[in-house]
J.: 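One structure, pasted below without further comment.
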Amino acid sequence: MPPVKSGGTLVLETMARLLRASGREARLVRREGDPGPGETAWADLDLHPGDLWLTPEGWVNALAPGLSAGARCLVYCQNWAYLFSGLPKDVSWRDLDVDFLAVSEPVAMFMDRALGVRPAVLRPGIDLDLFRAPMAKPGPAVRIGYMPRKNRAAAAQIRAVFEARNPKAGVEWAPIQGLDPQGVARELSKCRIFLATGFPEGLSLPPLEAMACGCACVGFAGFGGWDYMRQADPAGYAPNWPLRDTAWGGNGLWSADNDVLDAALNLERVVSWIKGAAAELDMVLENAALTARAYSLAEHEKALLAVWDGLEARA
C-alpha cells in the first residue's frame with residue numbers, strides 16, 4: 001500500500017476485504033506504519049512464484065519484490081495521468097513482465113492507445129447504504145457542494161463567474177473537505193447540486209457519491225469520468241471518442257476540463273431548474289440514481305471476483 005491515504009488506497013482495501021470474504025487469501029502490504037489485521041509489513045514481505053502481486057500504477061518501484069520473486073505482477077491503473085510518472089529513466093512498461101487492470105473504460109482506452117495493451121476494467125463501488133438520497137433536501141437556499149482539494153483555483157473561478165452573473169441567486173456554497181466517508185455522505189445529503197472540479201481523473205468517485213445522495217451534478221469529467229458521465233444537454237460538450245452504451249442517459253451538465261465559463265453557465269442553468277421545478281431536473285436525477293446503482297459495492301464485488309476467476313484460470 002502506498003504511504004499516502006487516498007481514495008485509491010481505500011479501493012485497494014475494499015478489494016482485499018472482498019477477496020478474503022470470497023475465501024481467497026489476500027493481504028495488504030503496508031509500506032509504512034504498523035500493519036493491521038489481514039496486513040503485512042513491508043519488511044516482512046515474502047513473495048513466491050505463483051503469488052499474485054498487485055501494485056498501483058504510480059508506484060513502479062513497488063513492483064521490484066514481485067519481479068525478483070518471479071511472482072505474477074499486476075498493475076492496477078486507477079489514474080491514466082500517473083501511468084508514466086513513476087517509471088525510472090530509460091525504462092518502458094514493455095520492459096517489465098506485468099499485466100494490467102484499468103479502473104474505467106477511458107483508462108483502458110488510454111492504455112490501449114499508449115501501450116498497445118487493452119486491460120480488463122475493474123470499476124470501484126460506492127456504499128449505497130451510506131451514500132443515499134434523503135427524503136427531502138433542506139431549503140430554501142440551493143446548497144452547492146464541491147471539494148476544494150480538486151483544482152481549488154478552477155472552483156474559485158467558477159464561483160466568481162456564477163456570482164458575478166447571479167448576485168442575488170440565494171445559493172449556499174458547501175466546501176467538503178477533511179471528512180471521513182460518513183461526513184462526506186452527510187454533507188452531500190444536504191446539497192442540491194454537486195460541482196465536480198477534478199481533473200485528471202481515472203474514474204472520479206465523488207460525483208457518483210453525489211448522484212447517490214440525490215445531487216444534480218455539474219462540472220468536469222477529468223477524462224476518466226466519461227466511464228459513467230453522460231451529457232444531459234444535447235448541444236453540450238461531449239468527448240471526441242465513442243462512449244460505451246449504458247442503461248442511463250444524461251446524468252449531469254458536463255463541461256470540458258478546466259472550461260470554467262461553461263461550468264459556471266451550466267451551474268446557473270441547474271440552479272434555475274431547481275427553482276423552477278423543471279422537468280429536466282427530474283430526468284437528470286433519475287438518470288443519476290440509475291448511474292449510482294450501477295456502481296454499487298455489490299456490482300464491484302461481482303466484477304472483482306469475475307476478474308480474479310479469469311486471472312486464476314490463466315495461472
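As the structure is a computational prediction, the values presented were derived from the model and not from experiment. Nothing fancy with the numbering, it's 1 onward along the sequence.
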J.: For a quick test of reading the model, state the closest non-hydrogen atom pair linking A221 to E201 and the distance between them.
T.: O-CB, 3.9 Å
J.: Does a side-chain N-to-carboxylate-O contact under 4.0 Å join E312 and R24?
T.: yes
J.: Quick one: does P88's side chain get under 4.5 Å of V60's, heavy atoms only?
T.: yes
J.: For a 4.5 angstrom cut-off between non-hydrogen side-chain atoms, does Y228 reach P207?
T.: yes
J.: If you group Ile, Leu, Val, Met, Phe, Trp and Tyr by side-chain heavy-atom gaps below 4.5 Å, do W248 and V284 land in one group?
T.: no
J.: So do the side chains of L54 and L52 get within less than 4.5 Å of each other, counting heavy atoms only?
T.: no
J.: What is the distance from atom CG of D99 to atom CG of L311, rounded to the nearest 0.5 Å?
T.: 7.5 Å
J.: Within the distance-only criterion (no hydrogens, no angle test), does the side chain of W80 pair as donor or acceptor with the backbone N or O of P200 below 3.5 angstrom?
T.: no
J.: Anything under 3.5 Å between a donor and an acceptor, one on a side chain of residues 158-171, the other on a protein residue two or more places apart or in another chain? List them.
T.:
unit_1 : atom_1 : unit_2 : atom_2 : d
R159   : NE     : E163   : OE2    : 3.0
E163   : OE2    : W173   : NE1    : 3.2
R165   : NE     : E268   : OE1    : 2.8
R165   : NH2    : E268   : OE1    : 3.4
R165   : NH2    : E268   : OE2    : 2.9
N166   : ND2    : F162   : O      : 2.9
N166   : ND2    : E268   : OE1    : 2.8

J.: What are the two closest non-hydrogen atoms of M111 and A102, and how far apart are they?
T.: SD-CB, 4.2 Å
J.: Between N151 (side chain only) and A153 (backbone N and O only), is there a donor and an acceptor less than 3.5 Å apart?
T.: no
J.: Is it true that L205 and M147 fall in one hydrophobic cluster, defined by side-chain heavy atoms closer than 4.5 Å?
T.: no
J.: What do the steps show when you test V107 against N79 for side chain to side chain contact (heavy atoms under 4.5 Å, CB included), and what is the final call?
T.: CA-CA 7 Å; V107 170; N79 196 325; over 6 Å; no
J.: Please check: side-chain N/O of R27 versus main-chain N/O of E39, any donor-acceptor pairing under 3.5 Å?
T.: yes
J.: Report the C-alpha separation of R192 and I144 in whole Å, then their side-chain angles, then the decisive distance to 0.1 Å, and conclude whether the side chain to side chain contact (heavy atoms under 4.5 Å, CB included) test is met.
T.: CA-CA 6 Å; R192 301 294 301 273; I144 303 168; over 6 Å; no
J.: Taking atom CG as the centre, does D97 end up with more than 12 heavy-atom neighbours from other residues, nucleotides or ligands that are less than 6.0 angstrom away?
T.: no
J.: Kindly give the heavy-atom pair with the smallest separation between Q231 and W226, and that separation in Å.
T.: N-CZ3, 4.4 Å
J.: Kindly say whether A155 contributes a backbone atom to a donor-acceptor pair with the side chain of T197 at under 3.5 angstrom?
T.: no
J.: Are there over 12 heavy-atom neighbours, none belonging to R118, within less than 6.0 Å of that residue's CZ?
T.: yes
J.: Taking N287 for its side chain and G249 for its backbone only, find out whether a donor-acceptor pair lies under 3.5 Å.
T.: yes
J.: Is any side-chain heavy atom of R72 closer than 4.5 Å to a side-chain heavy atom of L74?
T.: no
J.: Test side chain to side chain contact (heavy atoms under 4.5 Å, CB included) on F100 and W93; report intermediate values, then the result.
T.: CA-CA 10 Å; F100 294 98; W93 280 116; 3.8 Å; yes
J.: Closer than 3.5 angstrom, by distance alone: can the side chain of S22 be matched with the main-chain N or O of L19 as a donor-acceptor pair?
T.: yes
J.: For the residue pair R230 and T246, establish whether any side-chain heavy-atom pair is separated by less than 4.5 Å.
T.: yes
J.: In this structure, would L87 and L83 fall into the same cluster of hydrophobic residues linked by side-chain contacts under 4.5 Å?
T.: yes
J.: Do F194 and Y146 have their ring centres less than 6.0 Å from each other?
T.: no
J.: Could you check if a side-chain atom of N266 sits within less than 4.5 angstrom of a side-chain atom of V270, using non-hydrogen atoms only?
T.: no
J.: Should the pair E187-R143 be classified as a salt bridge under the 4.0 Å nitrogen-to-oxygen rule?
T.: yes
J.: May I ask you to test the I193-C215 pair for a side-chain heavy-atom distance under 4.5 Å?
T.: no
J.: OG of S204 to CZ of F223: how many Å apart, nearest 0.5 Å?
T.: 13.5 Å
J.: Any side-chain donor paired with an acceptor under 3.5 Å for N251 and T291?
T.: yes
J.: I'd like to check L18 versus H300 (side-chain heavy atoms, cut-off strictly below 4.5 Å). Are they in contact?
T.: yes
J.: Please round to the nearest 0.5 Å and tell me the distance separating atom CZ of F84 and atom CD of E57.
T.: 11.5 Å
J.: Roughly how far apart are L208 CG and M229 CE, rounded to 0.5 Å?
T.: 7.0 Å
J.: Compute the centroid of each ring, for W42 and then for W59, and state whether the two points are separated by less than 6.0 Å.
T.: yes
J.: As an exercise, state the distance from CD of E301 to OG of S296, rounded to the nearest 0.5 Å.
T.: 9.5 Å
J.: Between the main-chain N or O of C191 and the side-chain N or O of K137, is there a donor-acceptor pair closer than 3.5 Å?
T.: yes
J.: So does A212 get a backbone contact from the side chain of R293, meaning a donor-acceptor N/O pair under 3.5 Å?
T.: no
J.: Do any N or O atoms from the side chain of D227 and from the backbone of E105 form a donor-acceptor pair under 3.5 angstrom?
T.: yes
J.: V98 and W53: side chain to side chain contact (heavy atoms under 4.5 Å, CB included), yes or no, with the steps?
T.: CA-CA 10 Å; V98 300; W53 178 238; over 6 Å; no
J.: Shortest non-hydrogen contact from P138 to S189?
T.: CD-O, 4.3 Å
J.: When you group the ILVMFWY residues by side-chain heavy-atom contacts below 4.5 Å and let the links chain together, are L101 and L305 in the same group?
T.: yes
J.: With the threshold set at 4.0 Å, does a side-chain nitrogen-carboxylate oxygen contact exist between R269 and E280?
T.: no
J.: Applying the side chain to side chain contact (heavy atoms under 4.5 Å, CB included) criterion to P124, which one of L12, L297, L10, L203 satisfies it?
T.: L203
J.: Supply the atom-to-atom distance M15 CE to L28 CG, rounded to the nearest 0.5 angstrom.
T.: 9.5 Å
J.: Is the side chain of R20 donor-acceptor paired with the backbone N or O of A26 at a distance under 3.5 Å, no angle test?
T.: yes
J.: Treating Ile, Leu, Val, Met, Phe, Trp and Tyr as nodes and any side-chain heavy-atom pair under 4.5 angstrom as an edge, say whether L122 and Y82 lie in one connected cluster.
T.: no
J.: Minimum heavy-atom separation for G224 to P106, with atom names?
T.: O-CG, 3.8 Å
J.: Between Y237 and D257, does any side-chain donor sit less than 3.5 Å from a side-chain acceptor?
T.: no
J.: Please output the side-chain donor-acceptor pairs of residues 174-185 that fall under 3.5 Å, not counting sequence neighbours, one pair per line with the distance.
T.:
unit_1 : atom_1 : unit_2 : atom_2 : d
D180   : OD1    : Q182   : N      : 3.3
D180   : OD1    : G183   : N      : 2.7

J.: Looking at the rings of W254 and F220, which for Trp means the six-membered one, are their centres under 6.0 Å apart?
T.: no
J.: What are the two closest heavy atoms between P134 and C213, and how far apart are they?
T.: CD-O, 3.7 Å
